[in-house]
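What you see below is based on every heavy atom in this structure, not just the backbone, and it leaves out hydrogens, waters and symmetry mates. Numbering of ligands and ligand atoms starts at 1, following listing order.
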Amino acid sequence: MYTAYIMYVYVRMYGLFQQAAMLSIPDLIKKKRDGSRLSNEDIKALIGALMSGSIQDSQTGAMLMAIWQKGMDGAETEALTREMMLSGEVMSWPEEWAGLVVDKHSTGGVGDKVSLVLAPALAACGLKVPMISGRGLAHTGGTLDKLESIPGFNIHQSVQQVRAILSAVGCCIVGQTQTLVPADRVLYAMRDATSTVDSLPLITGSIISKKGAESLSALVLDVKFGRAALFKDLDGAKQLASLLVRAGNGQGMRTAAVLSRMDAPIGRCVGNSLEVMESLNTLKGHGPEDLMELVTTLGGVLLVMTGLASDQSQGREKISRAVIGGEALLKFQTMMEAQGVAKEMARALCSAHTDYFSILRKAEHGVELTSGEDGVVEDVDGLLLAQVLHQLGAGRTKAGQPVNHSVGAELLLPLGQTVKKGAPWLRLHYEDPPPSPDQICRLQSALVVRSPAQRRQHQRGNLVKEVMLPF
Ligand code: IUR
């Protein structure tokens, strides 16, 4: 009885101490604003207040700006990531999948259709891939928009459905569910409204909390740098990659990053339907070199981290064989069926001689642009290309806007190829609005042709700059 009383007094006192130690929201804002680091308890209290609705929007905005200005160290970023992840459901998997559940995240690019090839290739190698992808925003494309250009493809799947598809197929590509990381939905909207999107700790918390909620064994990040990337220079991308790798490993996922160049579009097609077509051609063994380089590098890293390959070169080789041998294509076909595509249509899309445009929507109009000079294709400005396509309806400016899946462009010549004046280099697919003379002019300026004598080293072949492994 006496012991129970002592325990009661101890617990009450401890609670009172805890309460006294907890800072008010204005004090927390002041602490960060003045450059101090937030403790784990501070960050827990902050995310708790966000979820309970006891923090005002103005206070959240002020805290975001304080974080944007003063930054967060690695430990703070890890705590933010963990508390965000715990704000919602954390997925769980059958025991027999232990060590095999993986995913990839890309910081966004032009013509980036890697997920469409990588997810089924990993499944073909025996991994489980619950790939949660995003939609396109501004000039960057989104995997979900690409997949929705396939009639019937349903990106909305519950956690139970994801589990069932992974059991039957091994991979799925789905949108964010309502139950995962609700804190990120609130914070992301506020970051957008307060110009605090481009903060390294906030980006890290947002990306890694969502991957943590997938309960992954291993995660690979494709962190891009270059003119069409979030970070223009390698140093900025490296800084983000280090934070992401630390935060991912801190949440118990083996996390690695690949730093890759994002100047020219990846592959030859940009635009939703066209990119699905190019992904299917890649899964049929006819993929462009740069796309295959990314797919095999990222996949190879995941195979090494899950112990399915002894080193990076064996990992790359296994992924390459899964693609060339057709096993990945079969996985893609069954994934399409599991996600709502009619069986006959999925089979037709995956057959050797598909007339893609009998299934995918083709734009009503097309025009070919021609080179103004003789020489060698030195570069194609992916950012310029994506910006014009965005204006023609291929992308969205605000979340929730529809996109025109049929708008896009095909590069008719690879980098390094000789071109003659008057030869076509780009086929533009458009509907309404048609391209204006100014837009045509901007597209033309995306092509950089040099005489063979002037030619510098072209960029294909060293797309992957560095691989950061967790060990
Ligand atoms: N993708 C995310 O999931 N979160 C972010 O903050 C950014 C991209 I920037």
**Q.** atom 3 (O) of ligand 1: nearest protein contact (heavy atom, Å)
**A.** K210 NZ, 2.5 Å
Q: Taking atom types as modelled, find out whether T60 and D57 have a side-chain donor-acceptor pair closer than 3.5 angstrom.
A: no
Q: Using distance alone, determine whether H105 and ligand 1 share an N or O pair under 3.5 Å.
A: no
Q: If you have a sec, work out which protein heavy atom is nearest atom 7 (C) of ligand 1 and how many Å separate them, to one decimal?
A: Y188 CE1, 4.0 Å
(Q) Could you tell me if Y430 and N404 have a donor-acceptor pair between their side chains, going purely by distance under 3.5 Å? (A) no
Q | Donor on one side chain, acceptor on other, K31 and S36, under 3.5 Å | A | no
Q) Which residue owns the protein heavy atom closest to atom 4 (N) of ligand 1, what's the atom, and how far is it? A) S206 OG, 2.6 Å
Q. Nearest protein heavy atom to atom 1 (N) of ligand 1, by residue and atom, and its distance?
A. I207 CG1, 4.0 Å
Q. Are R135 and E148 close enough for a salt bridge, meaning some N to O gap below 4.0 Å?
A. yes
Q. Should the heavy atoms of other residues, nucleotides or ligands under 6.0 Å from CH2 of W93 be counted, would the total exceed 12?
A. yes
